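A quick write-up on the structure given underneath.
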Amino acid sequence: MSLDGCATTAATDAAFDVLALLGDRNTLKRRPGFHVEAASTKADLAAYRRLRQDVFVHEQGLFDGDDLDDRDSDSRTVVLVAKDTGGEVVGGVRLGPADDGPDLGWWVGGRLVVGRGARGPHGIGAALVRAACARAEAEGVLRFDATVQVRNQVLFRRLGWKSVRTVTVADTPHVLMRWPIGRIAVQAAATKSALGALLTSLAPGGAGFVGDDGAPVPGTEVIAACDAIVPSMVERDPEWAGWCSVLVNLNDLAAMGASPLGLLDAVGARDTAHARRILTGLRQAAQAYDVPVLGGHTQLGVPAALSVTALGRSAHPVPGGGGRPGHAVRLTADLGGDWRPGYRGRQWDSTSHRRTAELRAMTGAVAATRPAAAKDVSMAGVAGTLGMLAEASGCRAVLDVAAVPRPPAATVGDWLTCFPGFAMLTTDVPDAPALSAGPAVSAVCGELTPGEGVGLRWPDGDITDAVTSAVTGMGPA
């Protein structure tokens with residue numbers, strides 16, 4: 001089963017030819033008598049709509065005349081069709097954004113239909129539902145709903161859907177069902193869930209700052225932060241790795257309201273040329289932020305490795321665990337730039353084109369405003385990092401999806417899970433001043449409540465769970 005149109009038929013034919021040449025008759029017998037693809041022609045759409053007319057108007061009597069609505073004329077609507085081995089459309093389903101406005105990552109599926117002669121043990125309906133779920137998640141969707149006729153509720157439950165509530169469509173009882181999308185929870189677990197068991201005995205950061213982005217050095221005003229870059233990134237994209245090693249550490253200092261003093265680097269590289277490329281990116285970033293490189297260590301003839309320690313100063317560091325129930329959640333993010341080539345959907349580059357004054361305005365915003373709590377958005381993404389802030393504060397966080405500042409080029413799913421360059425999550429009393437962060441955009445987009453985890457609140461008021469429990473297991477700071 002595939003969703004890529006004409007390529008599907010070609011691939012299917014090729015696979016059939018190979019199996020036939022190999023004499024694999026048993027596998028050929030088990031091949032389904034249909035495939036699913038995106039409707040790519042007017043003829044496919046017309047055939048799908050004829051099926052709907054036959055079933056929903058004539059057979060079931062749900063509609064008078066036709067069952068067409070505004071979603072059929074929405075250019076964002078995707079139609080998937082099932083075709084038999086002769087290329088005839090025998091079933092279909094449509095899906096697309098729930099609202100008329102900007103795509104918020106909330107999609108709905110509907111008008112699932114299978115022709116009379118194609119029903120039964122073939123599994124066409126189930127295949128269409130599974131294909132719709134896969135397509136929705138590929139489009140960066142974080143909420144996928146469908147209104148299902150009561151008699152079809154069993155099928156959807158068997159496929160993993162959850163019942164939400166009863167509704168009425170065309171004067172007929174239906175059930176609103178939801179496909180559970182665990183993208184945020186999976187990312188948070190993969191990047192942060194092991195930290196509690198690993199680091200609890202160390203109590204990094206000290207009392208009140210456990211799990212923070214940096215650590216106050218006892219008896220001083222010095223704040224220290226240290227981050228390593230993923231080795232595969234150092235190997236594949238050394239200049240960008242060097243740039244990011246400065247970026248992430250200065251963001252860590254910025255989240256604590258610390259002014260940067262300098263950087264120390266540790267570089268491992270297979271040869272001189274590779275080390276030079278890493279250090280070139282590091283040097284360019286240090287110059288852009290106007291922060292000196294104080295020293296470090298370089299070793300050649302070893303696997304790629306890069307870590308940087310940043311030193312800053314703050315007499316009164318801002319904790320990541322200073323949030324309280326009732327605090328407003330604010331995201332301040334630089335929406336300029338674009339996806340880093342080779343990291344689409346994962347790393348947003350908003351910093352490499354900025355001037356020094358712009359970069360320093362952003363990294364100085366927390367120090368200037370001093371909110372109750374702050375964390376820079378890490379590889380756990382906006383939602384996962386908010387979960388870490390909430391955990392350190394002993395709270396639950398609710399994020400208003402429609403209010404989150406987001407660049408037009410990013411889907412909601414990608415934006416809430418990517419590394420966004422510069423993005424700062426802060427919490428404070430509802431009437432606290434906004435962060436003044438140069439070119440970055442700032443907006444209140446949620447609140448802290450009693451409980452744990454992170455919920456996503458949608459324009460209809462529904463809240464879906466993004467993270468159901470603590471992110472790191474390190475507990476309140």
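As the structure is a prediction and not an experimental result, all values here were calculated from the model. Atom set for the values below is all heavy atoms of this structure, side chains included, hydrogens, waters and symmetry mates excluded.
The side-chain heavy atoms of Met379 and Val248, taken from C-beta on, include no pair separated by under 4.5 Å. Contact annotation: the side chain of Ile223 approaches that of Pro216 to within less than 4.5 Å [non-hydrogen atoms, C-beta and beyond]. The shortest distance between side-chain heavy atoms of Val366 and Pro371 falls below 4.5 Å.
Trp107 contributes atom CH2, which lies 12.0 Å from atom CD of Glu137 (distance to the nearest 0.5 angstrom). Here the straight-line distance linking atom CH2 of Trp240 with atom CZ of Arg340 works out to 5.5 Å at 0.5 Å rounding.
The salt bridge (Lys or Arg N to Asp or Glu O under 4.0 Å) test with Arg143 singles out one residue from Asp99, Asp103, Asp462, and that residue is Asp462. Among Asp145, Val412, Leu456, the one residue that satisfies the side chain to side chain contact (heavy atoms under 4.5 Å, CB included) test with Trp106 is Asp145.
Within the 3.5 Å criterion, the main-chain N or O of Ala410 finds a donor-acceptor partner in the side chain of Arg406. Side-chain N or O atoms of Arg330 include none that pairs as donor or acceptor with a backbone N or O of Cys445 at under 3.5 Å. Within the 3.5 Å criterion, the main-chain N or O of Arg94 finds no donor-acceptor partner in the side chain of Arg71. Put simply, the side chain of Thr77 never gets that close to the backbone of Gly96: no donor and acceptor are under 3.5 Å apart. No donor-acceptor pair closer than 3.5 Å links the side chain of Glu391 to the backbone N or O of Ala470.
Comment: Asp69 engages Arg111 in a salt bridge, judged by a side-chain N to carboxylate O separation of less than 4.0 angstrom. Between Arg457 and Glu447, at least one side-chain N (NZ, or NE/NH1/NH2) sits under 4.0 Å from a carboxylate O, which counts as a salt bridge.
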Show me, pair by pair, the donor-acceptor contacts under 3.5 angstrom made by side chains of residues 255-265, not counting sequence neighbours?
none

Can you list, pair by pair, the side-chain donor-acceptor contacts under 3.5 Å of residues 416-434, counting residues two or more places apart and other chains?
{"residue": "Thr417", "atom": "OG1", "partner": "Arg183", "partner atom": "NE", "Å": "3.4"}
{"residue": "Thr417", "atom": "OG1", "partner": "Arg183", "partner atom": "NH2", "Å": "3.2"}
{"residue": "Thr417", "atom": "OG1", "partner": "Gly413", "partner atom": "O", "Å": "2.6"}
{"residue": "Thr417", "atom": "OG1", "partner": "Asp414", "partner atom": "O", "Å": "3.4"}
{"residue": "Asp428", "atom": "OD2", "partner": "Ala372", "partner atom": "N", "Å": "3.3"}

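Not counting sequence neighbours, the partners of Ala409 by the side-chain contact (heavy atoms from CB on, under 4.5 Å) test are Asp338, Trp348. With sequence neighbours excluded, the residues forming a side-chain contact (heavy atoms from CB on, under 4.5 Å) with Asp465 are Arg396, Thr468, listed by chain and number. Applying the side-chain contact (heavy atoms from CB on, under 4.5 Å) test to Thr280 and every residue at least two apart in sequence or in another chain returns Arg276, Arg283, Gln284.
Sorted by first and then second residue, the side-chain hydrogen bond (donor to acceptor under 3.5 Å, both in side chains) pairs involving residues 243-255 (not counting sequence neighbours) are Trp243-Thr351.
In summary, the aromatic rings of Phe144 and Trp179 are positioned with their centroids too far apart to meet the 6.0 Å limit.
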